[in-house]
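A quick write-up on the structure given underneath.
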Protein chains: 2
Amino acid sequence: MTSLAPPNPPAPPSPGELMDRLARAAAAYYRNFAAVAAGDGLTLMQGKVLSLLRRPMPMRTLAELLACDASNVTGIIDRLEARDLVRREADPADRRVKLVLLTETGQEAVRRIRAGVLADLDGLAALAAPDREALGRLLDQVFPD
Amino acid sequence: MTSLAPPNPPAPPSPGELMDRLARAAAAYYRNFAAVAAGDGLTLMQGKVLSLLRRPMPMRTLAELLACDASNVTGIIDRLEARDLVRREADPADRRVKLVLLTETGQEAVRRIRAGVLADLDGLAALAAPDREALGRLLDQVFPD
DNA sequence: TATTGTTATACTCTATAACTATA
DNA sequence: TATAGTTATAGAGTATAACAATA
């Protein structure tokens with residue numbers, strides 16, 4: 001017996017299948033992000049750091065957000081600072097702390113990256129408001145952060 | 001006027017806000033994956049390669065799936081082979097091609113990684129079947145691959 | 001004493017270019 | 001000629017350990 005219109009509703013994926021789907025989605029997101037960042041001559045990690053700097057923050061906070069050792073952040077920020085994309089500033093409240101902030105050039109790069117990533121996610125732009133609400137809610141449930 | 005129960009439905013996120021949510025979800029997925037892989041002494045990339053090897057495949061195919069240059073795959077497979085997690089085999093149909101396949105040890109590592117990632121995604125295990133179907137469908141729309 | 005950031009070190013990942021074996 | 005895989009090289013990301021400055 002072959003199915004006639006309307007087609008059968010799709011079977012819900014098992015948790016394992018959904019995990020695989022999440023893995024492919026995460027890979028696709030970063031492939032897209034890395035390609036856009038490369039358009040500005042930036043690596044994936046450099047693009048991530050710039051995108052995280054919506055506000056000035058200590059090196060230490062950056063390391064926590066990137067889930068890497070603090071010693072790595074020194075080199076990453078060195079390379080971004082050499083290209084005038086970020087600046088280090090002393091924290092007046094605690095002289096051990098260095099605050100990292102975007103320069104004007106860095107802010108422009110972030111705007112280009114965000115626009116580029118969004119432009120490549122045409123499937124997201126086509127999503128109706130209820131679907132956007134559902135996707136946001138489901139992602140919050142799976143990744144409470 | 002303060003809201004009484006039931007609370008107002010949440011406002012749908014804008015495409016830009018949803019993009020940020022996707023970025024955090026992708027980061028959380030890889031943070032989880034990398035931590036589980038590290039439990040087996042594997043890097044993120046090594047864990048990804050093992051997970052991709054559901055079937056034997058040429059080095060070239062692996063490079064395409066990883067979206068990296070083929071020369072990188074040589075070193076990654078070298079290190080996995082030195083730990084007896086994968087093997088190279090000549091392709092009888094084309095002697096230029098080397099097929100990479102999981103050893104028994106490699107298959108065990110993949111099972112541990114998959115179980116570990118799934119176990120850490122407790123928000124996913126708690127999802128009811130209709131929510132799993134909706135999330136899978138929405139991810140397919142945003143990341144058609 | 002504890003914390004922040006840096007340096008030194010070693011290893012992994014990465015792209016580019018040049019090479020070989022095979023098609 | 002074209003393709004699959006490797007090697008050599010240089011640069012970037014990574015964790016660990018030790019250090020100076022500050023709290």
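So you know, we letter chains A, B, ... as the sequences are listed, proteins then strands, and number each from 1. Computation of the quantities below employed the complete heavy-atom set of this structure, encompassing side-chain atoms and omitting hydrogens, waters and symmetry-equivalent molecules.
The shortest distance between the side-chain N/O atoms of B/R60 and the OP1/OP2 oxygens of D/dA2 is not below 4.0 Å. For the pair A/K98 and C/dT6, the criterion of a side-chain N or O lying under 4.0 Å from OP1 or OP2 is met.
Note: A/Y30 and B/Y30 have tilted aromatic rings, judged against thresholds of 30 and 60 degrees for the angle between ring planes.
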Which donor-acceptor pairs under 3.5 Å do side chains of residues 110-120 of chain A form with protein atoms, sequence neighbours excluded?
| unit_1 | atom_1 | unit_2 | atom_2 | d |
| --- | --- | --- | --- | --- |
| A/R112 | NE | A/D40 | OD1 | 3.1 |
| A/R112 | NE | A/D40 | OD2 | 3.1 |
| A/R112 | NH2 | A/D40 | OD2 | 2.6 |
| A/R114 | NH1 | B/D20 | OD1 | 2.7 |

*asked:* I need a per-nucleotide contact map over nucleotides 13-23 of chain C, read 5' to 3'. Cutoff is protein heavy atoms under 4.0 Å; write B for the base, S for backbone only, - otherwise.
replied: SBBBB----BS

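The distance from atom CD of A/E81 to atom C1' of C/dG5 is 13 Å, rounded to the nearest whole Å. The CZ-P distance, from B/R88 to D/dA4, rounds to 16 Å in whole Å. Spacing between atom CD of B/E64 and atom P of D/dT3 amounts to 12 Å, rounded to whole angstrom units. For the pair B/L99 CG and D/dG5 C1', the computed distance is 12 Å after rounding to whole Å. The distance from atom CE of B/M57 to atom P of D/dA4 is 15 Å, rounded to the nearest whole Å. B/R83 has its CZ atom 12 Å from the C1' atom of C/dT12, to the nearest Å.
Within 6.0 Å of CZ on B/R88 lie more than 12 heavy atoms contributed by other residues, nucleotides or ligands.
We find that B/R21 and A/D140 are joined by a salt bridge, their nearest charged nitrogen and carboxylate oxygen being less than 4.0 Å apart. Using a cutoff of 4.0 Å between basic side-chain nitrogens and carboxylate oxygens, A/E81 and A/R83 are not scored as salt-bridged.
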*Passes salt bridge (Lys or Arg N to Asp or Glu O under 4.0 Å), A/K98 versus A/D91? Steps please.*
CA-CA 6 Å; A/K98 288 181 187 169; A/D91 183 344; over 6 Å; no

